[in-house]
There are 2 protein chains.
Amino acid sequence: MDDPLARYPGYALRRAATAAGNALNKRLAAQGLRQSSVSVLLLLAAHPGITASALGRKLDIQRANMVPLLKRLEQADLIERRAIDGKSQGLALTQHGAAVCNEARTIVETFESDLMARVPPEHRPHLLPALNALWH
Amino acid sequence: MDDPLARYPGYALRRAATAAGNALNKRLAAQGLRQSSVSVLLLLAAHPGITASALGRKLDIQRANMVPLLKRLEQADLIERRAIDGKSQGLALTQHGAAVCNEARTIVETFESDLMARVPPEHRPHLLPALNALWH
DNA sequence: TATTGTTATACTCTATAACTATA
DNA sequence: TATAGTTATAGAGTATAACAATA
């Protein structure tokens, strides 16, 4: 065998994920966004008022690592914080953030359909359920 | 929808890859190895005498980033270099490196079969070809 | 006591530019 | 001219520990 790694689904998973991630980041860069930013915006659109900690748990990003991520989004006027109580703050999209989120959603959905188009039709319906089984 | 990201294969790909990667790295850490080290060892076992540049091209790792990776493997007495000409050097496993490579292969193959076991049987045969289509 | 938000820090992986020497 | 190996550097992502304030 020329490439002993080609037999390993775990290796293919890593290569496919980095290739796809790089391609998506390239498309998002035009709007000054990255995958992580967009995942926050999309989740915020679905769950307005969610806290930073809860957001981190959903995205599997440590609380401490949410801080600079949210700071950038706030400084770009994409999200805002309002106090829930003395300890927690609810996050929400600004008006501008909602508009950018919609642009991002369009980019992501185009990307996703381009991605699936690369998969041979007979394998296509199996990809998402197989991947979800690996981390759900 | 509770999680707007769950519909996206690209997102599932990212989460599955990082989850699988972390799990594999945890198993490899016992032998002082990581994914990247093992991919080098396995490829070196299949292609003794390959150069660092060629290795990097196969693994999609920049030449410059191969340097510290190979240096660690050399310092651990897993690989050795011998000059091909005044410009290139061939890489090969040392005796110790070959033994560690075999241990690593066992760990990886156990990991891969555990990974596939998580995928429902009807989706299982489709995963590798679908992933390969995304980066080949 | 547990949780929230935060700071600081370190490590890995990755990307780019530049340099020397050799093919 | 193109390639091999290298250095230096910067940007991401991620992990851990610790702290003050609050639930």
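Below, chain A is the first sequence line, B the second, and so on; all start at residue 1. Just so you know, these numbers come straight off a predicted model, no measurement behind them.
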Which atom names give the shortest non-hydrogen contact between [X] and [Y], and what distance separates them?
{"X": "B:Met66", "Y": "B:Ile61", "value": "SD-CG2, 3.5 Å"}
{"X": "A:Glu112", "Y": "B:Pro9", "value": "OE1-CD, 3.1 Å"}
{"X": "B:Leu28", "Y": "B:Gln35", "value": "CD1-N, 3.8 Å"}

Item to check | B:Lys87 side chain, from C-beta outward: closest of C:dA23, D:dA21, C:dG5 | outcome: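 Comparing C:dA23, D:dA21, C:dG5 against the side chain of B:Lys87, the answer is C:dA23.
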
Item to check | B:Ala64 side-chain proximity, nearest of C:dG5, D:dA8, C:dT6 | outcome: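 The answer is D:dA8.
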
Grab the [atom1]-[atom2] distance between [X] and [N] for me, whole Å please.
{"X": "B:Asn65", "N": "C:dT12", "atom1": "CG", "atom2": "P", "value": "14 Å"}
{"X": "B:Gln89", "N": "C:dA23", "atom1": "CD", "atom2": "C1'", "value": "15 Å"}
{"X": "A:Lys71", "N": "C:dT6", "atom1": "NZ", "atom2": "P", "value": "8 Å"}
{"X": "A:Leu59", "N": "D:dT14", "atom1": "CG", "atom2": "P", "value": "10 Å"}
{"X": "A:Ile84", "N": "C:dT4", "atom1": "CD1", "atom2": "C1'", "value": "10 Å"}
{"X": "A:Gln35", "N": "D:dG13", "atom1": "CD", "atom2": "P", "value": "8 Å"}
{"X": "B:Asp85", "N": "C:dT20", "atom1": "CG", "atom2": "C1'", "value": "15 Å"}
{"X": "B:Met66", "N": "C:dT14", "atom1": "CE", "atom2": "C1'", "value": "13 Å"}

Checklist entry - If you find the nucleotide of DNA chain C closest to B:Arg34 and the one closest to A:Gly90, which residue's nucleotide is nearer the 5' end? => result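 Between the two, 5'-proximity favours A:Gly90.
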
Would you please confirm or rule out a distance under 4.0 Å between OP1 or OP2 of [N] and any side-chain N or O of [X]?
{"X": "B:Asn22", "N": "D:dA15", "answer": "yes"}
{"X": "A:Ser36", "N": "D:dA12", "answer": "no"}
{"X": "A:Gln62", "N": "D:dT14", "answer": "no"}

Just to be sure I understand the rule, does [X] reach a base, reach only the sugar-phosphate, or reach nothing, if contact means heavy atoms closer than 4.0 Å?
{"X": "A:Arg81", "result": "sugar-phosphate"}
{"X": "B:Thr18", "result": "nothing"}
{"X": "A:Asn25", "result": "nothing"}
{"X": "A:Arg72", "result": "nothing"}
{"X": "A:Arg57", "result": "sugar-phosphate"}

Checklist entry - Can you name the one residue among B:Leu91, B:Val38, B:Leu55 that meets side-chain contact (heavy atoms from CB on, under 4.5 Å) with B:Leu43? => result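 Only one option passes, and that is B:Leu55.
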
Checklist entry - If each of A:Arg63 and A:Ser88 is mapped to the nucleotide of DNA chain D with the nearest heavy atom, which maps nearer the 5' terminus, i.e. the 5' end? => result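 That would be A:Arg63.
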
Checklist entry - In terms of ring plane angle, is the pair A:Trp135 and B:Tyr11 parallel, tilted or perpendicular, where the classes change at 30° and 60°? => result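 Aromatic pair A:Trp135/B:Tyr11 classed perpendicular.
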
